[in-house]
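See structure below.
Just so it is clear: chains get the letters A, B, ... in the order the sequence lines come, proteins before strands, and each one is counted from 1. Reckoned from all heavy atoms, side chains included, excluding hydrogens, waters and symmetry mates.
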Number of protein chains: 2
Amino acid sequence: MRWAPDARGRLERAALELFSEQGFSATTVPQITSRAGLTTRTFFRYFADKREVIFGGTSIQDAASTLIAEAPANLDSAQVIRHVLASLAASHFEGQKEQMAAWRAIINSNNELRDRDARKRADLILATRTALINRGETALAATLAAEVGVLVFQVALEEWTAQPGLRSMEASIERIFAALQSGSLFR
Amino acid sequence: MRWAPDARGRLERAALELFSEQGFSATTVPQITSRAGLTTRTFFRYFADKREVIFGGTSIQDAASTLIAEAPANLDSAQVIRHVLASLAASHFEGQKEQMAAWRAIINSNNELRDRDARKRADLILATRTALINRGETALAATLAAEVGVLVFQVALEEWTAQPGLRSMEASIERIFAALQSGSLFR
DNA sequence: CATATGATGGCACTTCGTGTCATTAACGGT
DNA sequence: ACCGTTAATGACACGAAGTGCCATCATATG
């Protein structure tokens, strides 16, 4: 068999390795494909650009939209957001703290990746907003709930991966939510 | 005199014109420099990359940091944020609604520009957070105040530029703040 | 065994962005 | 008015990113 299986996975793993060894910008696409046993042209068939190889893995966005759409109809937006954050933390992050920390470290070390990461956050907000509007929320309420939900998730993720002691991400989420409510910003 | 004045301004204007005529990705740097009467090499002396020509103009970030540092010491974070948002709206946006709308339209029409725009938002959050910490806030409170402040500003800017009727941006800011407080998210 | 289909390779090409050195204008001192 | 210094610009080569197009190979299906 000439074609080894899981070409996409091989590319992702090779890229991750090289990025943590020599940094993102010092790594060229030919280096990645060479390690994965493929060619440059094939890389760009799987990933739209060099940055996407870092983000292509799991689409939080789709998961969030689905969770919102399937949430019980009697919950209000705030309850839906809390429910979705807890579900996402459990399904996509729990038990992967080491990997997530390494992943965040690579992203935060390079501005091109921070660019893309920030847009992913914006896209997640937009998708969440749309899903909330589909549940009957007004545009403004949906926008604000989506913004705040993603804000909490982002801050919690950063805290959880940065601090050695923390065990579960859900605890961080609850902590951030509580700090937001008890702060002076909304009174 | 061989060197016409305001090379940077000429490049910015030429780029803006070409971007709205043919779009961002269809415009090449040689096209921009040709219209501005300069060379490609000179373009990259003024702007780190093609995207920066859109953002390089005014640094909201520096203005915000300065405003926070100079705010009266007896204000708490929430009051500082409100004060800064109102000042920024007045000094950098008021009376420029048309330009801002055109600017936002160009950015939102291209993913590379959305990338960079989203990172600028993240950088503004970081700068605001640092300025608040320098005032004596705790890390977590500063993070949340910065996140919420930039959130309000961003949503208000988008609403203000998108809706034809609205006259002052400060009114949008107050509206967003009020909606955030009266929403169910924080109770 | 033949053929259709999908995955991969090869290659030329454009654009972006940088390193390096040459050239030109402006400025200050004498 | 002359000269040397400095800062802005030009010229050119180059590597890396990303795309279009077609060839080639493996696998499934009949």
Atom pair distance, as rounded to whole Å: [atom1] in [X] and [atom2] in [N]:
X      : N      : atom1 : atom2 : answer
B/F43  : C/dC16 : CZ    : C1'   : 10 Å
A/R51  : C/dC16 : CZ    : C1'   : 11 Å
A/L38  : C/dG10 : CG    : C1'   : 14 Å
B/N111 : D/dG18 : CG    : C1'   : 16 Å
B/E52  : C/dT18 : CD    : P     : 12 Å
A/F44  : D/dG20 : CZ    : C1'   : 14 Å
B/E112 : C/dC16 : CD    : P     : 9 Å
B/D6   : D/dT9  : CG    : P     : 10 Å

CZ/A/R129 to CG/A/N134 distance, rounded to the nearest 0.5 angstrom?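 Those atoms lie 10.5 Å apart.
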Quick check on [N]: is either OP1 or OP2 less than 4.0 Å from any side-chain nitrogen or oxygen of [X]?
X     : N      : result
B/R41 : C/dT23 : no
A/T42 : C/dT8  : no
A/Y46 : C/dT8  : yes

What I want to find out is whether [X] reaches [Y] closely enough, with some N-O distance under 4.0 Å, to be called a salt bridge.
X      : Y      : result
A/R119 : B/E112 : no
B/E12  : B/R8   : yes
B/D117 : B/R121 : no

Considering heavy-atom distances to DNA chain D, does A/T28 or A/F47 have its closest nucleotide positioned more toward the 5' end?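 Upstream on the strand: A/T28.
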Checking only heavy atoms, does the side chain of A/R45 share a donor-acceptor pair with the base of C/dG6 at less than 3.5 Å?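 Flag unset: no donor-acceptor pair detected.
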Within the 4.0 Å heavy-atom criterion, would you say A/T27 contacts the bases, only the backbone, or no part of the nucleic acid?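 Sugar-phosphate only.
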Once you apply a heavy-atom cut-off of 4.0 Å, does A/R8 come out as touching a base, just sugar-phosphate, or nothing?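 No contact.
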Any side-chain to backbone donor/acceptor pair from B/D76 onto B/Q79? Under 3.5 Å, distance only.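 Judged by distance alone, yes, a pair lies under 3.5 Å.
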